[in-house]
> 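Encoded as structure tokens, here's the structure I'll be asking about.
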Protein chains: 2
Amino acid sequence: MTTEELAATRKTGAALVDDLAEQIRNRIMTGEIPIGAQLRQAELASNFGVSRTPVREALRQLQTSGLIEVLPNKGAVVSVPAPWDVREAYEVRAELEALAAARAVRRITRGQIDQLRAANQEMYDLSVAGRGDGVPAQHDHRRSNDVFHTLIASISGNARLSKAINDINETFPRNVSAQLIVNDSRHRDENFQEHERILEALADGDAQRAADQMREHVIKAGEQLARWYELRSSTVFRG
Amino acid sequence: MTTEELAATRKTGAALVDDLAEQIRNRIMTGEIPIGAQLRQAELASNFGVSRTPVREALRQLQTSGLIEVLPNKGAVVSVPAPWDVREAYEVRAELEALAAARAVRRITRGQIDQLRAANQEMYDLSVAGRGDGVPAQHDHRRSNDVFHTLIASISGNARLSKAINDINETFPRNVSAQLIVNDSRHRDENFQEHERILEALADGDAQRAADQMREHVIKAGEQLARWYELRSSTVFRG
DNA sequence: GAAAGTAACATTGGATCCAATGAGAGGGGG
DNA sequence: CCCCCTCTCATTGGATCCAATGTTACTTTC
């Protein structure tokens, strides 16, 4: 299908705009729209079968969340994350997820621990099975990883905390980090074991350890992502 | 002057929309536009001397940041904060500001400590002088308070952290907390002394204590704000 | 042949238009 | 007397319009 108007079964108002923003965000997150790419209003409008008006409102939302940058009279481009900015953001995210893990200790149930363990195992299996399979494997992997992290955040019982973590996550396309973990067995194993350590701390009811393990894990993930963007920018300058 | 078009000297594009969003946000933050109030596009448009188009984009930005809610075909209203939501948000803010304080310890200079001390003293003096003077005193007080907190955040050296803290702050109108502190001498004194304790920890280079004091201070402020909203909602239901 | 100017084209951006939905008043029926 | 229906008005929301700005390719000149 050339357009996705079928999916947007005649929504209207805030619903339509939010939906547009969500779909554009997804395309950026998955890398379908690459970093630095121009977002032309007319093109997006025809893609989604609407006029430019709601598209522009959706772009404003994405601008506010920092995923795109809007230059006066030049339009919107997907933000290219600076490595230092990634490190800063992940330091914040690490602290927030550490808080979430600490809080989750007091509220987590046996069933939820099993759920988390299953998500982690699934993520590992997907990584092993999908080596080199490219985009779909990365996509599935990212989903399981998101399940793991968002589940802990939601168990924390603080909706604002979940939202704050999510807001940071939505700032950077993360298909790249999935790529790393899927294709590099060392990263994959480390990632799996870090999750397991967090799980153990949660199961033990050790809030301090859960927080520390989570903080360390997220910082490490951020470092990998920052490195990837460093590599990428130097490649771009060469190529 | 009836309109503020003078201030908006023919801006255009993202600059105009951002400016509109900023001005509307200010009016909400100061209470000039009260909580729960309807925001009519046509009214705002004529107030600012523009058409409804950029106003709608500005409203989308405010919607994304959570300050207003947009209901389909019914327009935008200023969000009325639920007390539990305020507590949750301030728990997050407390953690972020604690991190900022801890990080600031390693970077703060003697001059900056003096600056902070001056801001705190000014805030106290303004509170004493402005008792009962109403809106202007509250406004000045809130500004000095903001200086104190944003300065520490900026000293932390993590721009994302500053932004995350700011994003949470911009979610709730805070004229009310200023009102509390200006008019209640006990709150005023406690606020002053909490700031002093944070300053001492910063001056001593004690990251742990700075973080703990800051966390406690912000949680307490959040509790006050939440209480205020509780009181308000029960009053509204009676009146 | 290169650089600068210019003219056509593409794109953004605010204003305006009209359809659609919602709110409220007035009137008719139970 | 109260309830409900309908008609009208206010407001939102997407589409369209036109001016303004930016970009690119072509031409002209040195």
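Heavy atoms only: backbone and side chains are in, while hydrogens, waters and symmetry mates are out. All values reported here derive from a predicted model rather than from experimental measurement. Order of the sequence lines sets the chain letters (A, B, ...), proteins ahead of strands, with each chain counted from 1.
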> Do Ile108(B) and Gln115(B) have side chains that get closer than 4.5 Å, going by heavy atoms?
no
> Between the protein and nucleotides 9-11 of chain C, list every N/O to N/O distance that falls short of 3.5 Å.
residue	atom	partner	partner atom	Å
dT11(C)	OP1	Arg40(A)	NE	3.3

> Any side-chain to backbone donor/acceptor pair from Glu43(A) onto Arg40(A)? Under 3.5 Å, distance only.
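Answer holds: no.
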> Would you please enumerate the stems DNA chain D participates in, each stem being three or more consecutive Watson-Crick or G-U wobble pairs with both distances under 3.5 Å?
C:1-30 with D:1-30
> How is Thr12(B) classified with respect to the nucleic acid when contacts are heavy atoms under 4.0 Å: base, sugar-phosphate, or nothing?
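If one applies the 4.0 Å heavy-atom cut-off, Thr12(B) turns out to touch the sugar-phosphate alone, with no base involved.
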> Looking at DNA chain D, which of residues 57-71 of chain B put a heavy atom within less than 4.0 Å of it?
Leu71(B)
> Between Glu122(B) and Arg143(B), is there a salt bridge with N-O shorter than 4.0 Å?
no
> At a heavy-atom distance below 4.0 Å, which nucleotide of DNA chain D is the first touched by chain A, and which is the last?
dG13(D) to dT23(D)
> Side-chain polar contacts of residues 93-103 of chain A - donor-acceptor pairs under 3.5 angstrom, sequence neighbours left out - could you list them?
residue	atom	partner	partner atom	Å
Arg93(A)	NE	Glu97(A)	OE2	2.6
Arg93(A)	NH1	Tyr90(A)	OH	3.3
Arg93(A)	NH1	Asn169(A)	OD1	3.1
Arg93(A)	NH2	Glu97(A)	OE2	2.8
Glu95(A)	OE1	Arg215(A)	NE	3.2
Glu97(A)	OE1	His149(A)	ND1	3.0
Arg103(A)	NE	Ser156(A)	O	3.0
Arg103(A)	NH1	Glu91(B)	OE1	2.8
Arg103(A)	NH1	Glu91(B)	OE2	2.8
Arg103(A)	NH2	Ser156(A)	O	2.9

> In terms of side-chain geometry, is the basic nitrogen of Arg87(B) or Glu230(B) positioned less than 4.0 Å from the acidic oxygen of its partner?
yes
> Got Pro81(B) and Ile35(B) here, is their nearest side-chain heavy-atom distance under 4.5 Å?
yes
> Is it the case that the side chains of Arg60(A) and Gln61(B) hold a donor-acceptor pair, with the cut-off being a distance below 3.5 Å and no angle test?
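Arg60(A) and Gln61(B) do not have a side-chain donor-acceptor pair below 3.5 Å.
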> Hey, could you give me each pair passing salt bridge (Lys or Arg N to Asp or Glu O under 4.0 Å) that has a residue in residues 152-162 of chain B? Not counting sequence neighbours.
Asp85(A)-Arg160(B)
> Short question: side chain of Thr64(B), backbone of Ser65(A) - any donor-acceptor pair under 3.5 Å?
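The answer is no, because no donor-acceptor pair under 3.5 Å joins these two groups.
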> Contact between Leu67(B) and Thr171(B) at the side-chain level, heavy atoms closer than 4.5 Å - yes or no?
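A side-chain contact is absent here, since even the closest heavy-atom pair is not under 4.5 Å.
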> Could you check whether any side-chain heavy atom of Ser144(A) comes within less than 4.5 Å of a side-chain heavy atom of Leu126(A), counting everything from C-beta outward?
yes
> So, does Glu88(B) use its side chain to make a donor-acceptor pair with the main chain of Ala159(A) at under 3.5 Å?
yes
